[in-house]
Amino acid sequence: MTFQWEPEWQRLYVDALLETDPLRLVGRVATAEKAILLRVEELCLSSDGAIEWEALEDAITDMSVLKREILKSRFKPRPSQGLRL
């Protein structure tokens, strides 16, 4: 089954949410954020899109959560790097 995402920011957003490879996740989040912010700029010049505004707000919040999780995982000690006394 293939979904048609309209506008493009939605597809990039879902790609970021579904990415499981930590190395690719950072790039997907950055790409999705850029597309989301570009769409926000477009909607600022328009009077329509109330439903899309809500979806964009949710997407921005979710991207912030993903970025926090990326940062946590980078600074979490690995089992082999345990504290030595």
Side-chain angles (χ1 to χ4, degrees):
M1 174 190 273
T2 318
F3 292 102
Q4 293 294 325
W5 295 102
E6 197 57 46
E8 176 72 1
W9 72 264
Q10 291 175 327
R11 182 187 63 77
L12 296 170
Y13 165 66
V14 171
D15 287 347
L17 289 178
L18 298 177
E19 183 58 63
T20 58
D21 180 349
L23 298 175
R24 293 182 72 192
L25 180 60
V26 173
R28 289 206 188 261
V29 168
T31 301
E33 274 191 321
K34 183 178 178 180
I36 289 165
L37 294 176
L38 285 172
R39 184 61 182 151
V40 166
E41 287 179 13
E42 290 171 0
L43 285 177
C44 284
L45 302 174
S46 157
S47 61
D48 43 278
I51 293 172
E52 190 175 1
W53 268 114
E54 188 174 328
L56 283 161
E57 289 172 357
D58 290 344
I60 291 168
T61 299
D62 292 345
M63 290 295 101
S64 295
V65 170
L66 270 178
K67 287 187 344 184
R68 274 196 306 272
E69 291 304 314
I70 290 168
L71 286 173
K72 281 185 196 175
S73 70
R74 287 189 175 182
F75 294 108
K76 187 186 329 178
R78 293 184 175 87
S80 63
Q81 296 176 333
L83 295 175
R84 294 182 186 180
L85 301 176

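Keep in mind that this is a model prediction, so the values were computed, not measured.
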Query raised in the report: Quick one: do the Glu42 and Trp9 side chains pair a donor with an acceptor below 3.5 Å?
Result: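 Trp9 and Glu42 do not have a side-chain donor-acceptor pair below 3.5 Å.
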If hydrophobic clusters are built from ILVMFWY residues whose side chains come within less than 4.5 Å, do [X] and [Y] share one?
X     : Y     : value
Leu25 : Tyr13 : yes
Val26 : Leu37 : no
Leu17 : Leu56 : yes
Ile70 : Ile36 : yes
Leu23 : Leu18 : no

Query raised in the report: Looking only at heavy atoms, which two atoms of Met63 and Ala32 are closest? And how far apart?
Result: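 Nearest pair, atom of Met63 first, then Ala32: SD-CB, 3.9 Å.
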Query raised in the report: So which heavy atom on Lys67 is nearest to which on Val29, and how close?
Result: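 Heavy atoms only, the tightest pair is CG-CG1, 3.6 Å.
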Please round to the nearest 0.5 Å and tell me the distance separating atom [atom1] of [X] and atom [atom2] of [Y].
X     : Y     : atom1 : atom2 : answer
Glu52 : Gln10 : CD    : CD    : 6.0 Å
Leu66 : Glu19 : CG    : CD    : 10.5 Å
Leu38 : Glu8  : CG    : CD    : 11.5 Å
Arg68 : Ser73 : CZ    : OG    : 13.5 Å

Report task. Check whether any side-chain heavy atom of Ile60 sits under 4.5 Å from a side-chain heavy atom of Val40, and report yes or no. Result ->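 In short, these two side chains touch, coming nearer than 4.5 Å.
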Report task. Check the surroundings of atom CD1 in Ile51: do more than 12 heavy atoms from other residues, nucleotides or ligands lie under 6.0 Å from it? Result ->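 No, CD1 of Ile51 has 12 or fewer neighbouring heavy atoms, counting only those of other groups under 6.0 Å.
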